[in-house]
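Remarks on the structure that follows.
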Amino acid sequence: CALPILTLKPNMVAAYFNCGNAYFSLNYLSEAVKCYRECLRQDPSHVKSNINLAVALKRKEDIKGALDILETIRKDDPTNVAVLINLGSCYFHEKLMKEAEKCLRAALEIEPKNQQALVNLGLLQKDQGQLAEAKEAFEKVLEENGKNVVAEFNLADVISMEEQGMPSPK
């Protein structure tokens, strides 16, 4: 059951943004989308609302909507790491691997130790059967942080695949 937060007064950009974040954290994605859209109606330049709206749309399986928003932001801010990572994730979801890799590598040029970008790149490489490269990406995450469940699981999986001489399924 959704909370009755959508009755906020006009011109409350921060309130609508925070409302969207609250709904998102509860996995009320439709309500989160409404809040982010109202925030953006009041302030179209609110970048974080645009990014969060795109992520909510992706989770609702509206990849085209998410890509449209993220590409628009990237035109204005080509070095926004969050945008590049989310673009990479959307492209990966759509099986557009070259575009996904390009976005993730661009994010890593800006922030070489970004865990999310490294994990996503490792997942992409694993999916493409590039096991040595995937292993390297997951190891970098663990060297830097020491604990990352996704990197640990996938590193073990890649090592097992290498030992068995199995290519990753494409």
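We number each residue from 1, following the sequence as shown.
A cation-pi arrangement is present between Arg59 and Phe24 under the rule of less than 6.0 angstrom and at most 45 degrees off the ring axis.
To the nearest 0.5 Å, atom CG of residue Leu29 and atom CG of residue Leu53 are 11.0 Å apart. Considering CG of Leu124 and CZ of Arg105, their distance stands at 8.5 Å, rounded to 0.5 Å. Asn86 CG to Leu70 CG: the interatomic distance, rounded to the nearest 0.5 Å, is 5.5 Å. Rounded to the nearest 0.5 Å, atoms CD (Gln125) and CG (Leu104) are 9.0 Å apart. Atom CG of Asn50 sits about 8.5 Å away from atom SG of Cys39, to the nearest 0.5 Å. Atom CG of Asn80 and atom CG of Leu84 lie 7.0 Å apart (nearest 0.5 Å).
Judged as a side chain to side chain donor-acceptor pair (under 3.5 Å), and not counting sequence neighbours, the contacts of Lys58 are Ser89. Applying the side chain to side chain donor-acceptor pair (under 3.5 Å) rule to Lys64 yields the partners Asp68; only residues at least two apart in sequence or on another chain are considered. Qualifying side chain to side chain contact (heavy atoms under 4.5 Å, CB included) partners for Glu111, counting only residues two or more places apart in sequence or in other chains: Val81, Asn114. Every residue meeting the side chain to side chain donor-acceptor pair (under 3.5 Å) condition with Lys60, not counting sequence neighbours, appears here in chain and number order: Ser30. Applying the ring-ring contact (aromatic ring centres under 6.0 Å, His included) test to Phe17 and every residue at least two apart in sequence or in another chain returns His46. Among residues two or more places apart in sequence or in another chain, the salt bridge (charged side-chain N to carboxylate O under 4.0 Å, His left out) test is passed with Glu162 by Lys135. Take Thr79 and apply the side chain to side chain donor-acceptor pair (under 3.5 Å) test, not counting sequence neighbours, and it matches Asp77. Taking Glu136 as the reference, Lys140 meet the salt bridge (charged side-chain N to carboxylate O under 4.0 Å, His left out) condition, with sequence neighbours excluded. With sequence neighbours left out, Gln164 forms a side chain to side chain contact (heavy atoms under 4.5 Å, CB included) with Ser160, Met166. In this structure Lys75 satisfies the salt bridge (charged side-chain N to carboxylate O under 4.0 Å, His left out) test with no other residue, sequence neighbours excluded.
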(request) Begin with the C-alpha distance, continue with both residues' side-chain angles, and end with the deciding distance and a verdict on salt bridge (Lys or Arg N to Asp or Glu O under 4.0 Å) for Arg41 and Glu38. (result) CA-CA 5 Å; Arg41 188 187 67 73; Glu38 180 57 29; 2.6 Å; yes

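When atom types are taken as modelled, the side chain of Asn145 and the backbone of Val141 share no donor-acceptor pair closer than 3.5 angstrom. Glu144 places no side-chain N or O within 3.5 Å of a backbone atom of Gln115 that could act as its donor or acceptor partner.
Residues Gln128 and Glu133 form no side-chain contact, since every pair of their non-hydrogen atoms from C-beta on lies 4.5 Å or further apart. With contacts defined as side-chain heavy-atom distances shorter than 4.5 Å, the pair Arg74/Cys103 qualifies.
Val150 and Val55 are members of different hydrophobic clusters when ILVMFWY side chains are connected at heavy-atom separations under 4.5 Å. Connection of Leu57 to Leu40 is established within a shared hydrophobic cluster, with ILVMFWY side chains joined at heavy-atom distances below 4.5 Å, either directly or through further cluster members. Tracing side-chain contacts under 4.5 Å through hydrophobic residues (I, L, V, M, F, W, Y), one reaches Leu121 starting from Leu123; they form part of the same cluster. The hydrophobic cluster containing Ile110 does not contain Leu108, counting ILVMFWY residues as joined when their side-chain heavy atoms lie under 4.5 angstrom apart, directly or transitively. Cluster membership for Val47 and Val13, using ILVMFWY side-chain heavy atoms within less than 4.5 angstrom, is not shared.
The two residues Cys90 and Leu67 come nearest to each other via the heavy atoms CB-CD2, 3.5 Å. Smallest separation of non-hydrogen atoms from Pro112 and Leu118: O-CD1, 3.9 Å.
Pairs passing the ring-ring contact (aromatic ring centres under 6.0 Å, His included) check and including a residue from residues 128-158, sequence neighbours excluded, do not occur.
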List the atom pairs, with distances to 0.1 Å, where a side-chain N or O of residues 91-100 and a protein N or O form a donor-acceptor pair under 3.5 Å, not counting sequence neighbours.
unit_1 : atom_1 : unit_2 : atom_2 : d
Tyr91  : OH     : Glu71  : OE2    : 2.3
His93  : NE2    : Glu61  : OE1    : 3.4

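Remark: of the listed residues Ile73, Ile85, Ile69, Ile73 is the sole one forming a side chain to side chain contact (heavy atoms under 4.5 Å, CB included) with Ile51.
Under the 3.5 Å distance criterion, with hydrogens and angles disregarded, a donor-acceptor pair is assigned to the side chains of Asn21 and Tyr36.
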